[in-house]
Amino acid sequence: MENTRFVNKGIVKKDARALLSGKPVYTDDIAPADCLIVKLLRSPHAHALIKEIKTDIALKVPGIEAVFTYKDVPKDRFTEAGQTFPEPSPDDRLILDQRVRFVGDPVAIVAGKDEESVDRALKMIKVTYQVLEPILDFTKAKDNPIIIHPEDNYVAKNGQGTDPLRNLCASQCRGEGDVDRVFAECEYQVEEVYHTKAVNQAMMEPFCAFTTKDIYGRIKIISSTQIPFHVRRIVARGLNISKSNIRVVKPRIGGGFGAKQTSICEIYPAFVTYKTGKPAKIVFTREECFVHGSPRHEMQMSVRIGADQSGKIRVIDLYTLSNTGAFGEHGPTTVDLSGTKSISLYRNLDAFRFKSEVVYTNVLSAGAYRGYGATQGLFAVESAVNELAHKMNMDPSRLREMNIVQEGDRLANYYGQVTNSCALDRCIARVKEMIDWDAKYPYVQIGPHTVRAVGMALSMQSSGINNCDVGSVQLKLNDDGFYTLMIGCSDMGTGCDTILAQMAADGLGCEYDQIIVRGVDTDQSPYDSGSYASSTTYVTGTAVVKACEKMKKRICEEASALMELSVDQVEFDGNLIQEKENPDHFMELKDLVTKLEAGNGNIIEVTQSHTSNVSPPPFMAGAAEVEIDLETGKITPIDYAAVVDCGTVINTNLARIQTEGGLVQGIGMALYEDIQYSEKGKLKNRNFINYKIPTRLDMGQIRVDFESSYEPTGPYGAKSIGEVVINTPSPAIADAVYNGTGLRFRTLPITSEKVFMGLHQK
């Protein structure tokens, strides 16, 4: 890697001081005091038709401005999924619909001057429902006589295998080689079914947005969102107005983890402002974040994996059934990663097959969550690899060392891409050393009924969506020679404002503090797909590198003209523009700006965007050590060692906390988190008392290291890190539990109760 002053250093985040001192920076902090309060009346039924809805009494409540029902909204369907246009998710929802499809589905929008009046009015709305039978079990949804989307104006997108009359949101099948023939030749085979439940992103800041109308009659949306430009499109489609009539601004975000890649709440205050002309605000309660969020897709994965006598993995066959819930946001795309990011970890397969189906049910619509389908697929395939190793009486780490993808390999189920950078072998070696694998595998007895056991798993992800996502930046040279970096991607606590400034400072040869980063305003920022798919460092970072090169070139062009030299005769070192052959003939950058602002040339601004035709995968190895009480079944995480290959680490501090945060979420999914519904489709655990996420006391020791490769297509050799880090805990912990107890759990979460029952049945 080239010599850098700021890249690969632990630079403090740009917004650290403001956040630590409690400055009002979040959406609700900066909302005007005169906003109408917007709340939603929600369906108590999982599936029903509204026969009658009476709002006259609610409208008489003092302070109530408006009550809207399905009769008041546009009739064209849209999707709330925030992905690069053309959005592959089906257009299957209205702002409010006569058919309600899950418990919590909005039935009416109420807007009033304060919470008290709105809460009163919500109780005054009288709704008569024709209750319909729901589909709550996603394994029974396909070709069920109950149809969840029978409407005539449903819009399926091309090539997604959608058939709403079969409750199919999406379906596909692809592969290479003769899968059945290769299986017939394999001495060792594993064929099992794995099940991951829906889990909630549990970000600290709830879904919230406020809207106003400007003097030109345009709707301005200030929202806690990962996808400002997509929100503009989604709300325009929902309101059936031009995108030119909408402006979206993103302030600081208190976490998203993918939940805010769906436009969950913005349409409601926008509709109120559109109809009334008045400012409006919606802030979901924590309960609403649970009942009307966008949790991870529940998936059931059938895996077949075969190896020869020597341990060569020859074939993998994966079928994924995904539960999209009531609507199809992210349904077609999430499921694809369950196959592309799992099968592709293993090299030179003789054959593979990946089939998937995504079904509608009458539960909360699923969406994006860090890992985005790869998490589910990797739990299944990595668990199957562990089971294969046990069947062969082989150390699972050895089986992986023999079969993992290496630099230069073509990844058959990853769109045929070739890996330019891969340190997965070194990640495995380092993680074994950190956890002391050889001494601890499979378990160590530490008490009369207590064991400590270890387990391992691997992970890969992507760096943006190739040939699809766009990152853009605008770089402006200001008085005194400092720069403004306008970005279109959303810093949601990840620190992208900081890492992009680090790259810009190194690219321009200036001080880090000379880069002023401006966050997203769709009227002013250059277009960016948004912060998802692990795209920001790799895609937008490359746009920064390109913008810096262009800026330096423009500085030399303007300065050389004033110095009466040709461009080839000067060079720029970040402060001085000098004649190459005569260093005493120079101009300071700030003097150049002064001259340009006095009409002696052209003010310098550059805009650069970047789309990559490849998406280099980051890799990771993770190893868990857990303590298990063989009398009570209690599982205690003791140690988690993780080693990541994300190419060049841009910010060592932020990369470490990204990894730690992802691991904690993965541990939560493995051991504690479990969205559960009643037999009527009502969410049981709708708060943090009943929905358990790990605290600092629940996760044991977490240790992170990096094995850097150099990705030639990435900025400063970087790949992504945001999502790859969440995927290893579930399969690693599942195998550790097996190693310590002999019990194999193929459904998450693996609770102490399940272990207790398993031990006593055994």
Side-chain angles (χ1 to χ4, degrees), residues 196 341-342 344-346 370-371 374-386 389 395-401 403-405 422-438 440-442 452-461 534 617-626 635 637-646 649 655-671 694 698-709 719-740 748-750:
T196 57
K341 306 302 191 292
S342 56
S344 305
L345 273 170
Y346 296 95
R370 186 183 206 164
T375 314
Q376 297 95 307
L378 283 160
F379 169 64
V381 171
E382 286 299 279
S383 291
V385 170
N386 283 328
D395 182 327
S397 69
R398 177 72 193 120
L399 182 62
R400 289 187 167 89
E401 287 162 351
N403 287 285
I404 52 165
V405 62
C422 178
L424 191 50
D425 54 346
R426 286 185 277 128
C427 291
I428 294 174
R430 179 75 184 110
V431 95
K432 285 174 71 174
E433 187 184 306
M434 288 168 71
I435 206 88
D436 197 8
W437 179 268
D438 292 337
K440 293 176 179 174
Y441 176 81
R452 286 194 177 178
V454 292
M456 177 184 288
L458 307 180
S459 166
M460 64 175 271
Q461 203 78 31
S534 300
F619 298 96
M620 176 181 177
E625 181 180 6
V626 298
I635 306 169
I638 298 298
D639 192 11
Y640 203 96
V643 183
V644 187
D645 161 23
C646 57
V649 177
R656 188 169 300 281
I657 60 169
Q658 278 274 32
T659 309
E660 290 171 356
L663 291 172
V664 172
Q665 288 177 313
I667 291 167
M669 179 174 169
L671 294 175
D698 300 314
M699 53 186 156
Q701 178 176 235
I702 288 177
R703 295 177 297 137
V704 174
D705 207 348
F706 298 94
E707 283 289 344
S708 294
S709 59
K719 298 186 283 191
S720 77
I721 195 170
E723 294 179 278
V724 70
V725 294
I726 198 173
N727 299 327
T728 59
S730 293
I733 289 171
D735 206 47
V737 171
Y738 171 79
N739 287 332
L748 297 179
I750 304 166

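Only a predicted model underlies this, so the values are computations on that prediction, with no experimental measurement involved. Keep in mind that the numbers below use all heavy atoms, side chains included, and drop hydrogens, waters and symmetry copies.
Here the side chain of N386 pairs no donor or acceptor atom with the backbone of A732 at under 3.5 angstrom. With hydrogens and angles disregarded, no donor-acceptor distance shorter than 3.5 Å links the side chain of K341 to the backbone of Q461. Checking side-chain atoms of N403 against main-chain N and O of Y346 turns up no donor-acceptor pair under 3.5 Å. Of the possible polar contacts, none joining the D735 side chain to the G455 backbone as a donor-acceptor pair under 3.5 Å is found.
L345 places a side-chain heavy atom less than 4.5 Å from the side chain of E382. By the 4.5 Å heavy-atom criterion applied to side chains, M620 and L663 are counted as neighbours. Between D645 and K719, the closest side-chain pair of non-hydrogen atoms falls below 4.5 Å. Two residues are said to be in side-chain contact when any heavy atoms from C-beta on lie closer than 4.5 Å; I404 and F619 fail this criterion. Here the side chains of V649 and S708 are in contact, with some heavy-atom distance below 4.5 Å. In this structure, P396 and M456 have side chains that are not in contact, with every pair of non-hydrogen atoms separated by 4.5 Å or more.
Between V626 and P637, the shortest heavy-atom distance links the atoms CG1-CA, 4.2 Å. Scanning all heavy atoms of the two residues, the minimum distance from L671 to I635 falls at CD2-CD1, 4.0 Å. Residue R370 comes nearest to I726 through the heavy atom pair O-CG2, 3.5 Å, listed as atom of the first residue, atom of the second, then distance. Shortest non-hydrogen contact noted between D705 and R430 is OD2-NE, 2.8 Å. What you find for C646 and I721 is that their closest heavy atoms are SG-CD1, 4.0 Å.
In this structure, the side chain to side chain donor-acceptor pair (under 3.5 Å) partners of D639, at least two apart in sequence or on a different chain, are Q701, R703. Listed by chain and residue number, R398, K432 satisfy the salt bridge (Lys or Arg N to Asp or Glu O under 4.0 Å) test with E401 (two or more places apart in sequence, or in another chain). Qualifying side chain to side chain donor-acceptor pair (under 3.5 Å) partners for E707, counting only residues two or more places apart in sequence or in other chains: R426. Remark: R656 engages E660, V704, F706 in a side-chain contact (heavy atoms from CB on, under 4.5 Å) (not counting sequence neighbours). Partners of S459 under the side chain to side chain donor-acceptor pair (under 3.5 Å) rule, at least two apart in sequence or in another chain, are N727. Residues that satisfy the side chain to side chain donor-acceptor pair (under 3.5 Å) test with T728, not counting sequence neighbours, are Y640.
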